[in-house]
Every structure is written in structure tokens, then in C-alpha cells.
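So the structure is just underneath, and the comments pick up after that.
Just so it is clear, the values below take in all heavy atoms, side chains as well, and ignore hydrogens, waters and symmetry mates. Here the structure is a predicted model, which is why all the values come from computation and not from measurement.
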Amino acid sequence: MNLAMAKSPDLSVVLHQIVDLNFEFRELIAAGDWEAATRIEQARRDAMQGLFERPMEPVTRQQVINTLSEILQSDQLLVHDLEHARDLCSSQISHMQLGRKATTAYNDNGLMVQSPRLMQ
């Protein structure tokens, strides 16, 4: 039996696991579970590093390249989504801070009128 053929199923399983870890990683981030996402990302990284611990045949290299390219594209989309979420959060914080400044200015100048409920 050819040695490369004997290792191919193992490689396919590892590549499939990496893709599954990547999917789980993205789901956890979408759910806001950062601690679990960090653990999954570490497992994903370890699995990817393990791919390079043994010599590879050209066909095997291409399988690894394809999977890693898929992971990189996924990570680029994730970075884009996270940047958008960060910008939205920053905008909301700025809006909230402006509201607080306006409230403080009104209070400092005696312009704030309390609602009837607060006066009771």
C-alpha cells in the first residue's frame, strides 16, 4: 500500500475537523460567546499547525492549500463583520456620550425641567 494513500484519509479527516472548528468558531462569535470562541480558535490553530508536522505529497499540499484558503476567506469575512460591529458600537457610544453631555449642560444651566413623576 502506498504510504501517501494510507495517510490521505487521516488528512481528509483533519481537514474536515478544521473546517468544522472554523464553522463552530464563527457561530460562537455570532452568539457573543468569546471565551468558547477563543478555545475553539486555539484548537483550530493547533490542528492547522499539525498539518505541517509531516511531509506532504503535491496532491496533499493542494488539499491543505484549498482548506487553508477557505479558512482565510472565512476569517477575512469575519474581520469585516467585526469591524462593522465595532464601528456601529462606537457610533452608539458616541451618541450616548453626546446625550449625557447635553443632559449635563441642561442640568448645569438649570434648563432641565423635571417630569411631573420625578417632582412627586
Side-chain angles (χ1 to χ4, degrees):
M1 181 192 294
N2 184 338
L3 186 59
M5 292 173 78
K7 289 188 178 186
S8 290
D10 292 340
L11 177 67
S12 296
V13 168
V14 171
L15 293 175
H16 186 70
Q17 288 172 342
I18 291 170
V19 170
D20 287 347
L21 286 168
N22 189 63
F23 182 76
E24 187 175 355
F25 174 66
R26 288 186 58 100
E27 283 187 331
L28 290 167
I29 288 175
D33 190 346
W34 296 100
E35 288 181 28
T38 300
R39 286 190 302 273
I40 293 297
E41 195 282 327
Q42 181 62 52
R44 182 184 78 152
R45 187 179 329 137
D46 292 345
M48 287 189 290
Q49 287 175 346
L51 293 172
F52 300 101
E53 292 176 352
R54 56 184 170 208
M56 287 184 238
E57 297 288 325
V59 172
T60 303
R61 274 191 219 116
Q62 193 57 52
Q63 287 177 305
V64 170
I65 289 169
N66 292 344
T67 299
L68 294 180
S69 293
E70 181 181 329
I71 300 295
L72 287 172
Q73 288 175 348
S74 175
D75 284 357
Q76 287 173 342
L77 289 172
L78 179 62
V79 167
H80 179 267
D81 291 347
L82 291 173
E83 285 174 343
H84 177 72
R86 178 203 60 206
D87 292 346
L88 180 62
C89 185
S90 177
S91 174
Q92 291 171 342
I93 288 170
S94 294
H95 182 72
M96 184 177 64
Q97 288 172 336
L98 286 175
R100 284 185 181 161
K101 285 180 184 178
T103 300
T104 300
Y106 274 90
N107 282 334
D108 290 349
N109 293 307
L111 300 174
M112 185 67 107
V113 177
Q114 290 185 345
S115 69
R117 254 192 326 206
L118 295 175
M119 291 181 180
Q120 294 174 353

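Smallest separation of non-hydrogen atoms from A47 and I18: CB-CG1, 3.6 Å. Annotation for M56 and R61: closest pair O-NH2, 3.0 Å, computed over non-hydrogen atoms. The shortest heavy-atom contact between N22 and S74 is ND2-OG, 2.9 Å. The two residues V19 and I71 have their closest heavy-atom pair at CA-CD1, 4.4 Å.
Annotation: side chain of R54 is in contact with side chain of L11 (closest heavy-atom distance under 4.5 Å). Counting heavy atoms from C-beta on, the side chains of S69 and I65 come closer than 4.5 Å. Within the 4.5 Å cutoff, the side chain of D75 has heavy atoms near those of the R44 side chain. Side-chain atoms of R26 and D81, non-hydrogen and from C-beta on, do get closer than 4.5 Å to each other. Taking the side chain as every heavy atom from C-beta outward, L51 and T67 never approach each other to under 4.5 Å.
Side-chain atoms of T38 come within 3.5 Å of backbone N or O of W34 as a donor-acceptor pair.
Atoms CG and CG, on L77 and L82 in that order, are 11.0 Å from each other to the nearest 0.5 Å. The line from CD of E24 to CD1 of I29 is 11.5 Å long, rounded to the nearest 0.5 Å. Of the inter-residue distances, the one linking I40 atom CD1 with R45 atom CZ reads 12.5 Å to the nearest 0.5 angstrom. One distance of note links CD of Q17 with OG of S12; it measures 11.0 Å at 0.5 Å rounding.
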Pair Q42, R39 - check side chain to side chain donor-acceptor pair (under 3.5 Å), show working. CA-CA 5 Å; Q42 181 62 52; R39 286 190 302 273; over 6 Å; no
